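Here's the structure we're looking at; comments come further down.
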Amino acid sequence: MKPGLELRALRGATTASANSGEAIAEAVAELIEELLQRNDLAGDRVLSVTFSVTADLDACFPAAIARRRSDWGQVALLDCQQMAVAGDLPRCIRLLAHAWMEAGRAVVHPYLREAARLRPDRAEPGQPATAASSPADH
């Protein structure tokens with residue numbers, strides 16, 4: 001354990017505009033940047049990130065995008081396919097990250113783009129805030 005820090009779990013999600021390497025890269029980079037900024041995290045405090053993607057995204061690996069970050073050389077990264085559930089949000093990229101954060105600091109879980117509707121309680125102002133409508137919304 002690091003003095004004054006707690007190991008915390010962070011969630012987040014976004015959507016890609018298309019099943020292309022460029023669209024996925026843009027969405028993943030934006031999600032990572034928002035996760036770091038909203039939680040005031042430096043790259044050396046992030047231990048691991050697991051990405052899951054819906055089956056309609058197969059143009060590239062999100063972890064390959066994350067590995068481009070110069071400050072994430074020691075971060076354990078993993079990709080997996082999201083469980084297929086009828087009515088799931090298309091082209092969705094989710095993440096689960098583990099990071100060292102200041103003790104007592106509130107965790108911010110970014111839900112961006114169309115993924116904001118998965119967790120309206122965590123949507124930023126100006127994001128769609130339609131309530132979850134199916135068992136797939138989580």
Side-chain angles (χ1 to χ4, degrees):
M1 176 175 271
K2 297 185 178 197
L5 299 177
E6 296 176 341
L7 184 59
R8 307 295 296 275
L10 302 101
R11 288 289 319 267
T14 191
T15 52
S17 59
N19 181 28
S20 69
E22 297 80 23
I24 294 169
E26 178 185 309
V28 168
E30 178 186 36
L31 181 59
I32 291 170
E33 196 57 38
E34 289 295 323
L35 180 81
L36 296 175
Q37 285 183 5
R38 293 181 188 188
N39 289 286
D40 195 27
L41 284 173
D44 64 347
R45 293 225 182 137
V46 179
L47 298 178
S48 66
V49 180
T50 300
F51 294 95
S52 69
V53 297
T54 49
D56 54 358
L57 291 178
D58 62 5
C60 72
F61 294 106
I65 307 307
R67 280 189 192 94
R68 295 177 185 170
R69 293 187 60 91
S70 61
D71 58 345
W72 277 28
Q74 299 300 312
V75 178
L77 299 166
L78 177 67
D79 291 307
C80 60
Q81 191 173 63
Q82 180 70 27
M83 188 175 131
V85 175
D88 196 6
L89 183 64
R91 296 183 314 278
C92 189
I93 303 163
R94 294 171 171 93
L95 68 72
L96 171 63
H98 293 93
W100 292 105
M101 295 180 65
E102 289 79 20
R105 181 181 175 90
V107 174
V108 180
H109 306 279
Y111 282 74
L112 310 176
R113 302 181 183 192
E114 292 300 313
R117 74 174 222 226
L118 298 175
R119 291 299 307 262
D121 56 320
R122 294 182 176 165
E124 286 290 303
Q127 291 286 324
T130 306
S133 60
S134 79
D137 294 342
H138 69 281

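Nothing here was measured: the structure is a model prediction, and the numbers come from that model. Counting from 1, the numbers follow the sequence of the chain as shown.
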With Ala9, which residues qualify under side-chain contact (heavy atoms from CB on, under 4.5 Å), at least two apart?
-> Leu96, His98

Between Ala13 and Leu118 the two heavy atoms that sit nearest each other are CB-CD1, 4.3 Å

Partner of Leu10 under side chain to side chain contact (heavy atoms under 4.5 Å, CB included), picked from Val49, Asn39, Val46, is Asn39

By side-chain hydrogen bond (donor to acceptor under 3.5 Å, both in side chains), which residues pair with Thr54, not counting sequence neighbours?
-> Asp56

Listed partners of Glu102 passing side-chain contact (heavy atoms from CB on, under 4.5 Å), at least two apart | Leu5, Arg45, Arg105

For Glu33, side-chain hydrogen bond (donor to acceptor under 3.5 Å, both in side chains) partners two or more places apart = Gln37, Arg69

Where do Leu35 and Ala97 come nearest, in terms of heavy atoms and distance?
-> CD2-CB, 4.0 Å

Side-chain touch Gln82/Arg94, heavy atoms, less than 4.5 angstrom | yes

Taking salt bridge (Lys or Arg N to Asp or Glu O under 4.0 Å) as the test, write out the residues that go with Arg8, two or more places apart.
-> Glu6

Hits for salt bridge (Lys or Arg N to Asp or Glu O under 4.0 Å) against Glu26, two or more places apart or cross-chain, chain-then-number order -> Arg113

Where do Tyr111 and Arg38 come nearest, in terms of heavy atoms and distance?
-> N-NH1, 4.5 Å

Output for pair (Cys92 SG, Glu114 CD), nearest 0.5 Å, gives 10.0 Å

side-chain contact (heavy atoms from CB on, under 4.5 Å) with Val28: which residues, sequence neighbours excluded?
-> Ile24, Ile32, Phe51, Pro62, Ile65, Ile93

Who passes side-chain hydrogen bond (donor to acceptor under 3.5 Å, both in side chains) against Asn19, sequence neighbours left out?
-> Asp58

Where do Leu41 and Ala99 come nearest, in terms of heavy atoms and distance?
-> CD1-CB, 3.9 Å

What one should report as the nearest heavy-atom pair of Met101 and Ala106 is CE-O, 4.1 Å

Validation: residues 72-81 side-chain donor-acceptor distances under 3.5 Å, sequence neighbours left out:
residue, atom, partner, partner atom, Å
Asp79, OD1, Ala63, N, 3.0
Asp79, OD2, Ala63, N, 3.3

Is a side-chain N or O of Arg91 found less than 3.5 angstrom from the main chain of Ala16, in a donor-acceptor match?
-> yes

